[in-house]
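Working notes for the structure below.
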Amino acid sequence: NLGIINIPVNIHVVYSNAQQNVSDNQINAQIAVLNDDFRASNNDINQVPSEFAGLVADSEINFTLANTFRHSNSTSAWSTNDAVKDAYPPVSPSTHLNIWICNISGGILGYAQFPGGPSATDGVVVLYSSLPGGSAAPYNEGRTLTHEVGHYLNLRHIWGDGRCNRDDFVTDTPTSDAANYGCPSYPTVNCRTTDMTMNYMDYVDDSCMYMFSEGQKLRMRSIFESGGARESMLN
Ligand code: ARG
Ligand code: ZN
Ligand code: CA
């Protein structure tokens, strides 16, 4: 048992105007959301329906802000081709989660690299306006980062990116047909089971996602075990 896993975080704020240069207060609020969500101390956790209440997980993964780097750059919006990481490489990616906060083109809220990829591009990128209090409503409560860090820690989308027959490699998350959006009513039934629409790895609004499952916790934590892809983070 690894106990509480603490992950130090390096933030790279890359901005072309004042709005994109998010404040330290906003960054702190974002880290607080991340910790609440990963520790199941989010104040909407009690909205989980009884069907899934027994599956709610405290992942016992905790995040601590280590460094914030600020970079002014004339690029007004970055694409998902990792150019922002080439311009500002990750700092200590074998021991630190690197997060780039910037404007992203194409209506993308964020993207992440799964464990086991190249260290030069390891980390997650999130849209500056998705931070708590940002302008990207209904995606402005900081849960884009929760979702992306889920990917960074090896979680797939809850519907397995497939049509009832694709797996997210987590046994306690019900099979689903496709992404859910907005704020689905309960129960939303697909593939003959109730979708866990309130899971962070679905595509619903920030205010309508509020849990990780025990199976997701196991999948995330296994990458820190001996031989796992993020074992090096535990010094
Ligand atoms: N579409 C993005 C992804 O697949 C992020 C979705 C985040 N959803 C949200 N409610 N913030 O990685
Ligand atoms: Zn995703
Ligand atoms: Ca599943």
Side-chain angles (χ1 to χ4, degrees), residues 26 29-30 33-34 36-38 42 44 47 51-52 54-57 78-82 84 97 99-115 117 121-184 188-220 222:
Q26 236 187 325
Q30 174 66 84
V33 168
L34 190 64
D36 281 342
D37 290 352
F38 274 82
N42 49 302
D44 47 3
Q47 292 185 46
E51 179 179 2
F52 298 133
L55 300 177
V56 167
W78 300 84
S79 79
T80 55
N81 65 1
D82 284 336
V84 71
L97 163 61
I99 300 173
W100 290 263
I101 301 173
C102 60
N103 195 25
I104 309 173
S105 56
I108 304 285
L109 292 165
Y111 68 99
Q113 182 169 297
F114 285 105
T121 49
D122 202 13
V124 316
V125 183
V126 291
L127 181 66
Y128 75 96
S129 52
S130 74
L131 269 58
S135 60
Y139 307 109
N140 61 345
E141 297 179 19
R143 281 172 163 165
T144 296
L145 185 63
T146 302
H147 176 110
E148 300 309 335
V149 173
H151 286 314
Y152 172 86
L153 297 178
N154 215 23
L155 297 187
R156 306 299 177 104
H157 289 139
I158 189 95
W159 68 98
D161 297 307
R163 307 294 311 265
C164 295
N165 57 358
R166 286 280 204 84
D167 203 355
D168 65 350
F169 309 109
V170 173
T171 51
D172 64 5
T173 53
T175 303
S176 182
D177 184 43
N180 291 289
Y181 291 92
C183 200
T188 292
V189 177
N190 285 294
C191 315
R192 302 179 184 201
T193 53
T194 309
D195 283 3
M196 194 184 279
T197 62
M198 64 294 301
N199 193 283
Y200 297 120
M201 301 315 290
D202 208 329
Y203 268 5
V204 295
D205 294 350
D206 277 14
S207 62
C208 301
M209 48 170 58
Y210 29 82
M211 70 172 285
F212 285 120
S213 76
E214 287 291 341
Q216 288 175 318
K217 172 183 180 175
L218 278 175
R219 184 169 170 84
M220 289 193 277
S222 69

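Read the numbers this way: they start at 1 and go in the same order the structure lists the ligands and their atoms.
Between H147 and H151, the angle of the ring planes goes over 60°, which puts this pair in the perpendicular group of the 30/60° scheme.
Taking 3.0 Å as the criterion, V170 counts as a coordinating residue of the Ca ion (ligand 3), since one of its N, O or S atoms falls below it. Residue contact annotation: T175 places no N/O/S atom under 3.0 Å from the Ca ion (ligand 3).
Between D168 and L155 there is no side-chain heavy-atom pair separated by less than 4.5 Å. When side chains are defined from C-beta on, F52 does not count as touching D172, because their heavy atoms never get closer than 4.5 Å. Within the 4.5 Å cutoff, no side-chain heavy atoms of Q216 are placed close to those of Y200.
A heavy-atom cutoff of 4.0 Å around ligand 1 is satisfied by the protein residues L109, G110, Y139, R143, T144, H147, E148, H151, H157, Y203, V204, D205, D206, M209.
Excluding waters, the protein N/O/S atoms found under 2.8 Å from the Zn ion (ligand 2) are H147 NE2, H151 NE2, H157 NE2.
The nearest pair of heavy atoms linking C102 to V84 is SG-CG2, 4.3 Å. Residues P174 and T193 approach most closely at CB-OG1, 3.7 Å, considering heavy atoms. Nearest approach of A136 to L127, heavy atoms of both residues: CB-CD2, 4.3 Å.
In this structure a side-chain-to-backbone donor-acceptor pair under 3.5 Å is present from R219 to N154.
Paired with D195 under the rule side chain to side chain donor-acceptor pair (under 3.5 Å), one option of T173, N180, T175 passes, and it is N180. Partner of R143 under the salt bridge (charged side-chain N to carboxylate O under 4.0 Å, His left out) criterion, chosen from D205, D202, D44: D44.
Summary: OD1 is the N/O/S atom of D168 found nearest to the Ca ion (ligand 3).
Side chains of Y111 and D82: a donor-acceptor N/O pair is present below 3.5 angstrom, by distance only.
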